[in-house]
Amino acid sequence: MIHDIGHRRELLVDDYLIDAARTTTREALHHPVRRERVLTNDAPWEADGWVYYTVLRDGDLFRMYYLCFPMYDEKRMKHDPAFHHVCYAESRDGVNWEKPRLGICEIDGKRENNVVAITDTMDAFHVFIDKNPACPPGERYKAVYTKPGRQLWCKTSADGIHFSEGWMLTDRGCFDSHNTAFWDERLQTYVCYARDFHAAADGERIRDIRRMESPDFRHWSEPERIRYLDSPYDFHMYTNGIQPYFRAPHLYVALPARYTERRAWTANYDRLCGAEHRRWLMQLHPRYGLAVTDGLFMSSRDGRNFRRWNEAFLRPGAESPKRWIYGDCYASYGLLPTATGVEGEAPELSFYASANDWSGTPVQVFRYTLRMDGFVSQGADYAGGTMVTQPLRFDGDALTLNFATSAAGSLRVLLEDEGGTPISGYDSGELFGDSIDRVVDFERPLAALRGMPVRMRVEMRDAELYAFAFPIRQGR
């Protein structure tokens, strides 16, 4: 089979383009690094309830929307919190965030706060920028949220700050989570991923993810449960985090939260951090003390069938009194390109996750970073390995790689014909370094192979390859 990839970037998050019979490299899932604390929810209208974060890039401005509500005090669990405030922060660099006083919502008789909306559920207020060319200017920003009675609704805005009541999208689901939506430029339709449940073989209700489509954001298809191609496990999927990857929008990536509830209290819980607080949480329901959560990584090429890693992408990490609880590792929705702080270095990916949830103390928000495109790689140790692609047809005139080697390591790229015979003049020789967009040099111009089926053979030694593309650099 020949894969037409045009000039788009291809991430190695699956084996779709790889010839497994000739490939000896190993696949690796990479993990984010926790950086600095960027926000503390210490205002009176913020609180300790776990919060769902949406971050988005709007020109030169980064926007963050997050839900705040109180869940805990010294006397009782507030299962029906006194308020549900949707708060807003903004940043120019993804590191330094400000909470502007917006004057929109009145809290305790005052409007000097960063609250953009007040809701009556504990479920997320998900905001996206509508890129549909037919979208009315007054609806450029859309928010998806839940109303009581298990109804999924929207609000709209012209500026991302002042929201007006919209309409009900659907009532076919449960929606008690972070439901997401966006305009899919490839499919030219709206897509929504929402929470529902299904029954396991033993009768247990399992949290799952459903997909819907709409041509106009008003009339939606029947929710369809997404499928996992290589994962036989019926994990509880708490949030979905599904989004087109901004550097390769034909690919969906996702940072969902996985919910794990053990059946009974064991000696490990007595030794696990926060045992006393965990027992206190069980006063309302045992699962609030028994459940723990972490983050997974998924990818898809059609939005319905996902490659889901069973191993955690984001772990709760080192034990501390307010970690390893129900609500850990809920990654923010949205990936932002951010500077590393080192002059000349390529940008990296940032997202966010909270700590101190359900603790009676302000929630803290931490930034996490990952290499650009760096979710999964094909790589080799010093003994070496080779990755070979299926036949590809491209329309660009250059080859770029996102790769990293050690000082002694290297990559070598050879282009072959469809049958696997090397094509004269297309041997890169030794490549070494660490770049997210390295141009590969050949003796002959790549434009001569445009439209022809070719294979790419990459020989590696102490190296990782994350992505590649055949971009158009010189025009036609």
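Bear in mind that the values here come from a model prediction, so they are computed numbers and not experimental data.
Partner Val86 forms a side-chain contact (heavy atoms from CB on, under 4.5 Å) with one of Val116, Thr54, Val127, Asn114 and no other, that one being Val116. No option in Arg301, Arg308, Arg307 other than Arg301 meets the salt bridge (Lys or Arg N to Asp or Glu O under 4.0 Å) test with Asp14.
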List the steps and the verdict of salt bridge (Lys or Arg N to Asp or Glu O under 4.0 Å) for Glu261 and Arg205. CA-CA 12 Å; Glu261 181 185 341; Arg205 294 180 75 227; over 6 Å; no
Carefully, step by step, assess Arg271 and Glu319 under the rule salt bridge (Lys or Arg N to Asp or Glu O under 4.0 Å). CA-CA 10 Å; Arg271 296 293 185 185; Glu319 292 185 30; over 6 Å; no
Please assess Asp357 against Tyr330 for the test side chain to side chain contact (heavy atoms under 4.5 Å, CB included), listing each intermediate value before the final yes or no. CA-CA 11 Å; Asp357 309 273; Tyr330 285 18; over 6 Å; no
Given the rule in the side chain to side chain donor-acceptor pair (under 3.5 Å) test, do Thr25 and Gln378 qualify, once you have shown the distances and angles that lead to the verdict? CA-CA 6 Å; Thr25 50; Gln378 290 285 332; 2.7 Å; yes
Before giving the answer on side chain to side chain contact (heavy atoms under 4.5 Å, CB included), spell out for Ser350 and Thr369 the whole-Å C-alpha distance, their side-chain angles and the decisive distance to 0.1 Å. CA-CA 5 Å; Ser350 284; Thr369 61; 3.7 Å; yes
Take Val191 and Ile242, measure what side chain to side chain contact (heavy atoms under 4.5 Å, CB included) needs, and give me the verdict at the end. CA-CA 10 Å; Val191 178; Ile242 299 170; over 6 Å; no
Test side chain to side chain contact (heavy atoms under 4.5 Å, CB included) applied to His198 and Arg210, step by step: CA-CA 10 Å; His198 68 269; Arg210 306 290 170 117; 3.9 Å; yes
Walk me through it: do Ser300 and Asp302 pass the test side chain to side chain donor-acceptor pair (under 3.5 Å)? CA-CA 6 Å; Ser300 176; Asp302 64 6; 3.2 Å; yes
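Side-chain atoms of His178 do not come within 3.5 Å of backbone N or O of Tyr52 as any donor-acceptor pair. At distances below 3.5 Å, at least one donor-acceptor pair connects side-chain atoms of Thr405 with backbone N or O atoms of Gly433. Looking only at distances, a side-chain donor or acceptor of Thr189 sits under 3.5 Å from a matching main-chain atom of Ser214. Looking only at distances, no side-chain donor or acceptor of Ser359 sits under 3.5 Å from a matching main-chain atom of Lys322. A donor-acceptor distance shorter than 3.5 angstrom exists from the side chain of Arg258 to the backbone of Asn310, with no hydrogens or angles considered. Thr170 contributes a side-chain N or O that, together with a main-chain N or O of Arg172, makes up a donor-acceptor pair within less than 3.5 Å. Proximity of a side-chain donor or acceptor of Thr239 to a complementary backbone N or O of Ala257 within less than 3.5 Å is detected. Looking at Asp176, its side chain never comes within 3.5 Å of a backbone N or O of Asp123 through a donor-acceptor pair. Side chain of Arg34 to backbone of Ala353: no donor-acceptor contact under 3.5 angstrom is found. Checked by atom type and distance alone, the side chain of Thr293 pairs as donor or acceptor with a backbone atom of Asp328 at under 3.5 Å.
Atom CG of Asp108 has 12 or fewer neighbouring heavy atoms from other residues, nucleotides or ligands inside a 6.0 Å radius. Counting heavy atoms of neighbouring residues, nucleotides and ligands inside a 6.0 Å radius, atom CD of Gln188 exceeds 12 of them. Within 6.0 Å of the CZ atom in Arg111, the count of heavy atoms belonging to other residues, nucleotides or ligands exceeds 12. Counting non-hydrogen atoms of other residues, nucleotides and ligands closer than 6.0 Å to CG of Asp60 gives a total of 12 or fewer. Shown here is Glu224, whose CD atom has more than 12 heavy atoms of other residues, nucleotides or ligands within 6.0 Å. Other residues, nucleotides and ligands contribute only 12 or fewer heavy atoms inside 6.0 Å of the CZ atom of Phe432.
We find that Glu165 and Lys147 are joined by a salt bridge, their nearest charged nitrogen and carboxylate oxygen being less than 4.0 Å apart.
The aromatic ring centroids of Tyr466 and His30 lie less than 6.0 Å from each other. For Phe163 and Tyr145, the ring centers sit 6.0 Å or farther from each other. Ring to ring, Phe375 and Tyr245 are close: their centroids are under 6.0 angstrom apart. Between Tyr259 and Tyr326, the gap from one ring centroid to the other is short of 6.0 Å. No close placement of the Tyr352 and Tyr53 rings is indicated, their centers lying 6.0 Å or farther apart.
The aromatic rings of Tyr193 and Tyr252 stand perpendicular to each other, their planes meeting at an angle above 60°, with 30° marking the opposite boundary. Note on ring orientation: taking the six-membered ring where Trp is involved, the planes of Tyr190 and Phe217 are perpendicular (angle over 60°, cut-offs 30° and 60°).
In this structure, OH on Tyr88 lies 8.5 Å from CH2 on Trp97, to the nearest 0.5 angstrom. Atoms NZ and CG, on Lys99 and Asp42 in that order, are 5.0 Å from each other to the nearest 0.5 Å. To the nearest 0.5 Å, atom CZ of residue Arg57 and atom OG of residue Ser91 are 11.5 Å apart. Here OG of Ser221 is found 7.5 Å from CZ of Arg211. Values are rounded to the nearest 0.5 Å. A distance of 5.0 Å separates CD of Gln151 from CE of Met168, quoted to the nearest 0.5 Å. Distance CD/Glu464 to CG/Asn402: 11.0 Å, rounded to 0.5 Å.
A pairwise comparison of heavy atoms in Val376 and Leu29 identifies CG2-CD1, 4.0 Å as the closest pair. Closest heavy-atom contact between Arg438 and Ser435: N-OG, 3.2 Å. Between Asp196 and Gly173, the shortest heavy-atom contact is OD2-CA, 3.4 Å. Residues Thr338 and Asp93 come closest through the heavy atom pair CG2-O, 3.5 Å.
At least one side-chain heavy atom of Arg371 sits under 4.5 Å from a side-chain heavy atom of Asp434. At least one side-chain heavy atom of Cys87 sits under 4.5 Å from a side-chain heavy atom of Glu46. Two residues are said to be in side-chain contact when any heavy atoms from C-beta on lie closer than 4.5 Å; Arg315 and His31 fail this criterion. Counting heavy atoms from C-beta on, the side chains of His126 and Asn179 never come closer than 4.5 Å. Glu348 places none of its side-chain heavy atoms less than 4.5 Å from the side chain of Met372. Between Asp48 and Asn356 the shortest side-chain heavy-atom distance does not fall below 4.5 Å. Side-chain contact check for Leu17 versus Phe468: some heavy-atom pair is nearer than 4.5 Å. The shortest distance between side-chain heavy atoms of Asp130 and Arg140 does not fall below 4.5 Å.
A cation-pi arrangement is found for Arg195 relative to Tyr238, the charged atom lying closer than 6.0 Å to the ring centre and inside a 45° cone about the ring normal. Arg279 forms a cation-pi arrangement with Trp265, by the criterion of a distance under 6.0 Å to the ring centre and an angle within 45° of the ring axis.
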